[in-house]
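Scroll down for the structure; my scribbles are underneath it.
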Amino acid sequence: MTLRTFRRGTQSLGILLGVFGATGIGMTHLLFPGLHCYACPLAITVCPIGLMQNLIISGTVPFYFLGVVATYGLLLGRGWCGWFCPFGTVNDLLAFRKARFVRALSPLKLLVLLGTGVAAWRLADTWFCKLCPAASLTASLPYLGLGVAEVNTPFLIHMGTLATVLVGMVLVARFWYRYLCPMGGLLSLFNRVSFFGLRLRADRCTECGVCARSCPMGIEPHQKINSSDCLKCGKCIPACKSSALSIGFSLPGARGRDPLRASGTAARADRVPPRQ
Amino acid sequence: MMRTALTVLFVLGVAWGGWGQDVRLTLAPADAVGDWAQALVPLRLRSTPAQDVAFDGPPLVLSQWGEVVLGTARYTLLLGIRADGQADLWVDANRDKRISSDEILVGSRAPGYVEWVAELRATPSGGEAFLYPLTVVWPEGRGYVYLVGGAPRWGEFAAGGRTATVVLVDGDLDGTYGTKGDFYAVDVDGDGIVHGEPDGHERFALGEGFTSAERSYRLSHIDPGGAAVRLVPTGYVPPKPPLLPGYPAPELRFTTFPDGKPFALSDLRGKVVLVDFWATWCGPCMNELPLFLELYEAHSGDGFEIVGLSLDTSERDLRTVLAERDVGWPVAFEGKSWDNTLAQLYRVYQIPTSYLLDQDGIIRYRDLHGNELAERIVELLSTPLAPVLVEASPVLVPVLGPPRPILEVHAPPEVGLVPGEGGMFSVVLVNTAPYEAEEVRIFLAGLPDEATAPEVELAGIPAFGEREVRLAVELAGAVSPVLSASIEVLYHYCIADACFQIQDAVPVVFAVGEARPRPWAIPAWWILIALGVGLVLAVLLRGRLLIVAGLVLVGVAGASLIVGVLRGQATQAWRIASVLCTSCVGIDEVRTEDVTLPPSIRDALAAFPGSAHLMVFHTPWCKSCPYAKALVAEVARANPRISYELVDADQDRDQAEKAGVIQAGRVIVPAILVVETGRALFGTSDLAARILAALGEIQ
């Protein structure tokens, strides 16, 4: 089984968990390890970002939320985005056009996360939910079909954000997860310290840059392995002709988990390989 | 001989003074005493009976159940609507838990309500059973009935060489005399009329004494069955001044607000005076203010004066209104609401209450409003020193009684506190009446200086609604192991144009335990700090140090998870996610504006010929639910045959599930269920029109 097939399987599991309510199981106490609206008629899990906002509004110190998110983060880091999240799968399926990662925009998703929290705190409202493209897809549209929602201003706002993000995804591969997803921002804090990650054998790396060209996120795995923007999707692994890259569970900070330059080899002067 | 006679006289005197006078009481015939002897208590009806009771009657399209408790006897009521729309009332009179067809009561119908008269056997504990006359009034289409009764009993007693009538009323309709809420009245002035109105000078609480023929008495014993009361002499009790037309108005002395000038009502002799008890929180009072300003401007130069006696508790609100409306007449403010000394002097039990005095300070009229008030003022000003009215005919015939608490306060009798920290506890407030309790303030009284507890305020608790509030107590220093305090609940409510403010108190005991930290209390903040530090280190560290940081973070994440679960946050997450507030997730608009029904919809609702019962499902965190509740209340106001009830979908998920306001496993709020058809309406867009359309589906 190739890595790609295996990843498609886990992504299918993510979608399956997202719609597991179809079996008749109601809402559970579990948090979804990604962005999936709890308002989805078939959801059985709680959206972490939705919960975070509600906890901030109610003034609760969110131990349960932090514990679960930290556990998820330590387990896979942003691997959840690349391997499990249903909205990440949509990003993946629309990743037609690779583009260079604009590193200056990377903190945007943390700013969205911060803005979501501040809006909940100061305005006592779940503003992110009202703009969330995942909620547009998994809640607004289904409820329109069920006769609960109507075509009104909130619905049109949802559709507007969904359309914008979808267009963004088509133009820039994994646009949402690159720059905007607050859940991705939250998990990115754990990316270096998570137990699931890429490993690089420095002795085999020729710094040819093929891995970087294969990366849908437009980052350079061999330069900054397991960086906060890496979804750990593993697309770089089969691309590497010298088999220098591998993926799996290992201790954070173990050999091969650090960037190449940290292991003693000088970084290439040009850093970013030329696009073909 | 003389000595023996003196001894006998002494013994008789002691017997008279110590044992008093037993007064035999009998059930007063209907209408023999005034309407004031008929208490009125609302009773909420529910979709299921409180006891397991079977019904053998005809098929019904709508059944609503209630229970009346008279002493130890519990009677189940069934209000049933037949297919042709006829409403009937059955009572399980023999208490065999089976209502048969012949247990139906004969009702009399009037526009807007149906009335049934029942006679049930009250079985007071410690007294003889007796037949209790009870009237059940159903405002058509509502989810509640009014119980009207009180079983007034009367008798005669000798006082100062004449006989006086005593009336005992079961004011709380519990079938037992002498309990909280009951009262008695005595014809103390011997005029043949018992003035037992809520502010009548001949009405007394059970613990209150009275004076008749210059002798004072109090009740020392009340038979629970109402067969007799015992009156014993007591220390002198000042008689209550009558507040009836023809009697002089009690003197008022106060310092005016806000300028602090001394004021005396007697200084206004020669002027026509309107004495007005009011408050800024009282809607009907504020509605009258423009008329008062107009009258004052027109007639103050002709010898007309207004005296405003404010029952406000907020000095800021009163100051704002006086300044904005440019009120020029003297105003009294004590900030004590119903405990205001001037209001107590006038036995004010509802506001607005007003008295119009003539130039001699004699009460001529009370509770005049609008044009009638203006006409009487002109009449008194133009006919100075007219003959005084001497006939005592009360203008007001209240049936509601004095302000009665409408909120039940449920709180734990004992609360544990941690020394140096404090604790939290829940108080549940249940509105038992069909009136909204407004501006509800909950606070703790009687705590020592070392303990503080912030006040909690709710905008309102709707009719028959329920709210839970969390009260926090913080301990700043050493306190005694047991603290006694009271939970004070202050609110007001209005019935038509009469407003009442209530302050209720429930005792609570705080047990201050050992200074033993809860297992999760101390590490809680350390977890957050450790998590933050761990994340920073995860970015900065490399190699083996990063391994250590990762393993430490695993421990911290686990600890945070455990603390969260112990604090019930997993359940909190489930609760938030399993009840879907459509406006919170951007599926529907957030509606917070005031509700106004378009005239066309209001007319169409008023013309709705059938009856309907609406259930409004809501949660405390739902943004649009207050709008939906207010709109349904407006709908019910537009047509008395439309009733409604509020259901907290978070607290009562079973009912929400039974009602079917569920889509794909989510209870959706706000949702409105039309009980007759089972149709559920979600969201708030065009809600009034959709309710109207749904009502049209009722056959």
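Naming convention: chains lettered A, B, ... in sequence-line order (proteins, then strands); numbering from 1 in each chain. Quick caveat, the model's predicted, so the values are computed rather than measured.
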If we define contacts as heavy-atom pairs under 4.5 Å, which of [options] has the most with chain A?
| options | value |
| --- | --- |
| B:Val585, B:Leu580, B:Leu551, B:Thr582 | B:Val585 |
| B:Ala573, B:Ala577, B:Gly550 | B:Ala577 |
| B:Ala557, B:Ala570, B:Ala549 | B:Ala570 |

Does the side chain of A:Val90 come within less than 4.5 Å of A:Leu166's, by heavy atoms? yes

Less than 4.5 Å apart, side chain to side chain, heavy atoms only: is that true for B:Ser624 and B:Glu589? no

When [options] are compared by non-hydrogen pairs under 4.5 Å with chain B, the top option:
| options | result |
| --- | --- |
| A:Ile44, A:Thr126, A:Leu31 | A:Thr126 |
| A:Thr71, A:Asn191, A:Leu131 | A:Thr71 |
| A:Asp125, A:Thr153, A:Ile157 | A:Asp125 |
| A:Gly50, A:Gly21, A:Pro62 | A:Pro62 |

[X], part contacting chain B, at a heavy-atom distance under 4.5 Å:
| X | value |
| --- | --- |
| A:Leu66 | both |
| A:Leu74 | side chain |
| A:Asn152 | side chain |
| A:Thr28 | backbone |
| A:Val61 | both |

Verify, without hydrogens or angle tests, whether A:Trp80 (side chain) and A:Cys85 (backbone) share a donor-acceptor contact under 3.5 angstrom.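 Flag not set: sc A:Trp80 to bb A:Cys85 has no pair under 3.5 Å.
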
If we ignore hydrogens and angles and just use 3.5 Å, is the side chain of A:Ser188 paired with the main-chain N or O of A:Gly185 as donor and acceptor? yes

Under 4.5 Å from any heavy atom of chain A, what part of [X] do you find: side chain, backbone, both or neither?
| X | value |
| --- | --- |
| B:Ile547 | both |
| B:Thr571 | both |
| B:Val556 | neither |
| B:Ile587 | both |

Distance-only polar pair, side chains of A:Thr161 and A:Lys130, donor-acceptor under 3.5 Å: no

Any side-chain donor-acceptor pair under 3.5 Å between B:Ser426 and B:Arg470? yes

Does the pair A:Arg103/A:Glu220 count as a salt bridge with the N-to-O cut at 4.0 Å? yes

Between A:Lys224 and A:Asp229 (salt bridge meaning N to carboxylate O under 4.0 Å), is one present in this structure?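 No, this pair does not count.
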
Looking at the rings of A:Phe249 and A:Phe195, which for Trp means the six-membered one, are their centres under 6.0 Å apart?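 No; A:Phe195 has its ring centre 6.0 Å or more from that of A:Phe249.
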
Are we looking at SG atoms under 2.5 Å apart for B:Cys581 and B:Cys584? yes

